[in-house]
Amino acid sequence: MAKRTVEDSSDDEPMIVKSESNQQAKPKAKKIKVEKKEKIKKEKEEKEDSPEKEDDDEEEERKWWLEEKEDNGIKWTTLQHQGPLFPPPYEPHGVKMLYDVINQGKPVELTPAAEEVASFYAALLGTDNGNNPVFQKNFFADFLKTIKQEKIPNCPIKEFSKCDFTPIFDYLNKVKEEKKQMSKEEKKKLKEEKEAIDEIYGWCTMDGRKEKVGNYRIEPPGLFRGRGEHPKTGCLKLRVQPEQVTINIGADAKIPDPPKGHSWGTVSHDNTVTWLAMWKENVNESTKYIFLAATSSLKGQSDMKKFEKARELKVRQLATCLYFIDKLALRAGNEKGEDEADTVGCCSLRYEHITLEPPNKVVFDFLGKDSIRYVNTVEVIDQVYKNLKIFKKEPKTVGDDLFDRINEELRKTPADGTIAEKVLAYNRANRQVAVLCNHQRAVPKSHGTQMSRLTDKILAVKYQRQEVKQQILELEPSLKKQRPELLEPESDLDDEFIKRHEIALEEKEKERLEKLLIKENEKRKENGEELLNSLPEQKKKQTIPTMDKLEKKLQTLTDRIQAQKMQMVDKDENKQTALGTSKINYIDPRISAAWCNKYNVPLDKIFNRSLREKFKWAMESDKDWEF
DNA sequence: CATCGGACTTGTATTCACTCCA
DNA sequence: TGGAGTGAATACAAGTCCGATG
């Protein structure tokens, strides 16, 4: 098998995309053009070929991504939903905080509302937030405010430093512990209750179709956990009342009932927005929304739009490149390595290589083939000038590729590699995007252990392979000459490991036999037979394996080693990069899906279940699909 | 012409739930 | 068998974009 290694190249950027779709803009009827017509035809044919019978009870799944849709700012025509779910009222626990213990302080009597605020803080004792002075200051100011509002008689609380929240802290921990210790039935019941609520609030009907709602819960009260140096971190986030909430719903829809004894603040019927409910939060006065879930068609559509925009940009870049190659006979320009001269061609032009002179002149200055300087000022057509302006727009700067959308990292996938090798290639491309976006993470603390565990796993397989090789040679000693590799000892398989491994194997075998014995005795007990002290020595009927079987086994083991090695390399290279964000937000899922099809890699090696759900619209992209 | 804020998308901390090993 | 460790799900804060406003 040809061995191809996948190597990271130095500085060519993979394609990334940042959302541009901000819905305020309401462009006039603009069509999203996708290769839809042929697709629809194809779909139909497939249906006829294989009449599907599964899911017949479910209504036909809508493939919105195959529909032509006008983007006129209207997001829906009919909308029905259940409104938001409010958090349950506070249930006081009666556990009292202490104040000024050193001076014979006593447990403090608080009203439920004040107790609730105290408990918010108590829960955070010892955490980063709890220890943050700004957080403490803000919390305490609001705590005092609450005490005042509650008109608690003779409340002694004046200083944060004299407060002792540990009784509440301990109590909350105890409750948490008890929750963990709940019986299976109790847990199951709780889960079912949650699912029942989800069934009601988790769905809405938009344009006659059932769509998943994202966060249908009104955010519960608590302490604002502003990150970094946020000046308001720790402030009390008040309980939201229905009177503060705006419901957005179809004009003909039934307005959901507000909680008993309450009414909605406002009811609107704005079909140019996607939110179902909205309220103002008291700490930063920012608006909070209830939106549809990421898997909904609305979100999917805007996601797709985002990537279509990026695709457009690529087409623009290709066209502009072609224009120069055609007009000025520029060389195409390949990727070059670190150790080669920094010369460029058209596609590898960088930011600093051209300057724009209004209204329509472009000045080239770069080193071309054989490091010959190319300086030229040319007049270009308006469209090209406009394009170049876009390609030089911020945040692009000196050193960046002008035509950054043209190179695809995924081309480096080894077509004849194993699945594991291909996945590694994919992850490397994904990683470049993540590195580019600076999606870093701390190296997981168990990384070392995990790596050595993987090493051991590989060694264990190598050990097995060694044995199989020996068996082959015993069966057919003549192979020693023909296939000397069978004689070669496995790499890294040292005596120390073999010893350790054999002991482990022996122990495992012993355990297995013990279990067998127990089982056997149980059976005998039932049948009233006499019990055994040890299993009868198995008749060593070990049939001598055939050459065919041994060869097959050798191959499986070799494959397994290969796959595990790949996994290890992947894991190690990935230890300080978080792939999630780029996979969720920046990489066009159609690129990934098409890649999977092209290289015969199962989709689930790349996308987990929820991502497959979110990107349903992209999952069918066939192998010829091009960004 | 700067700034504000509504409506979204993106990023990250926390919680949940599952797995795997001692 | 339970408990540590993990990746997925969730919650919500933060960032972005762009039209409105004055």
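Order of the sequence lines sets the chain letters (A, B, ...), proteins ahead of strands, with each chain counted from 1.
If you check every strand for non-hydrogen atoms under 4.0 Å, A/Tyr289 touches a base. Across all strands, A/Gly580 comes closer than 4.0 Å to no nucleic acid atom at all (heavy-atom distances). As judged by a 4.0 angstrom heavy-atom cut-off over every strand, A/Lys191 is placed among residues making no nucleic acid contact.
Of the listed nucleotides (B/dG11, B/dT9, B/dC8), B/dT9 has the atom at the smallest distance from the side chain of A/Ser302. In this structure, of B/dG6, C/dC12, C/dA14, it is C/dC12 that holds the atom nearest to the side chain of A/Lys237. When the nucleotides C/dA14, C/dA8, B/dT10 are ranked by their closest atom to the side chain of A/Asn608, C/dA8 comes out on top. The listed nucleotides are B/dT14, B/dA7, B/dC8; the one nearest the side chain of A/Lys299 is B/dC8. Each of B/dC8, C/dA9, B/dG11 was ranked by its minimum atom distance to the side chain of A/Ser610; first place goes to C/dA9.
For the pair A/Arg225 and A/Leu611, nearest-nucleotide mapping onto DNA chain C gives the more 5' position to A/Leu611. Comparing A/Lys280 and A/Lys176 against DNA chain B, the residue whose closest nucleotide sits nearer the 5' end is A/Lys280. Position along DNA chain C of the nearest nucleotide to A/Arg227 versus A/Lys571 favours A/Lys571 as the more 5'-ward residue.
A salt bridge links A/Lys314 and A/Glu408; the closest N-O separation between the charged side-chain nitrogens and carboxylate oxygens is under 4.0 Å. At a threshold of 4.0 Å, the pair A/Glu186-A/Lys189 does not count as salt-bridged, since none of the basic side-chain nitrogens sits closer than that to a carboxylate oxygen. At a threshold of 4.0 Å, the pair A/Arg311-A/Asp588 does not count as salt-bridged, since none of the basic side-chain nitrogens sits closer than that to a carboxylate oxygen. Ion pairing between A/Arg590 and A/Glu620 fails under the 4.0 Å rule for side-chain N and carboxylate O. With salt bridges taken as basic N to acidic carboxylate O contacts below 4.0 Å, one links A/Glu219 and A/Lys237.
For the OP1/OP2 pair of B/dT9 and a distance below 4.0 Å, the side-chain nitrogens and oxygens of A/Asn585 include no atom meeting the criterion. The side chain of A/Lys75 contributes an N or O atom lying less than 4.0 Å from OP1 or OP2 of B/dC8. Phosphate contact (OP1/OP2 of C/dA14, side-chain N/O of A/His230, threshold under 4.0 Å): present. Taking only side-chain nitrogens and oxygens, A/Thr287 comes nearer than 4.0 Å to OP1 or OP2 of B/dG6.
Computed from coordinates, the A/Trp279 CH2 to B/dG6 C1' distance equals 15 Å when rounded to whole Å. Atom-to-atom, CZ of A/Arg609 to C1' of B/dC16 comes out at 15 Å; the value is rounded to the nearest Å. Between the CG atom of A/Asn284 and the P atom of C/dA14 there is a distance of 7 Å, given to the nearest Å. What separates CH2 of A/Trp275 from P of B/dG6 is a distance of 10 Å, to the nearest Å. One can place CD1 of A/Ile290 at 11 Å from P of C/dC12, the figure rounded to the nearest angstrom. Taking atom NZ of residue A/Lys180 and atom P of nucleotide B/dC18, one finds them 16 Å apart after rounding to whole Å. At whole-Å resolution of the value, NZ in A/Lys288 and C1' in B/dT9 are 14 Å apart. The distance between atom CH2 of A/Trp76 and atom P of B/dC8, rounded to the nearest whole Å, is 12 Å.
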After noting the C-alpha distance and the side-chain angles of A/Lys212 and A/Asp198, does the key distance pass the salt bridge (charged side-chain N to carboxylate O under 4.0 Å, His left out) rule?
-> CA-CA 10 Å; A/Lys212 189 105 186 65; A/Asp198 214 63; 3.6 Å; yes
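Judged by distance alone, the side chain of A/Tyr121 and the main-chain N or O of A/Gly130 form a donor-acceptor pair under 3.5 Å. When atom types are taken as modelled, the side chain of A/Asn131 and the backbone of A/Thr127 share a donor-acceptor pair closer than 3.5 angstrom.
Within residues 212-221 of chain A, the residues approached by DNA chain C to less than 4.0 Å at the level of any non-hydrogen atom are A/Asn215, A/Glu219, A/Pro220, in residue-number order.
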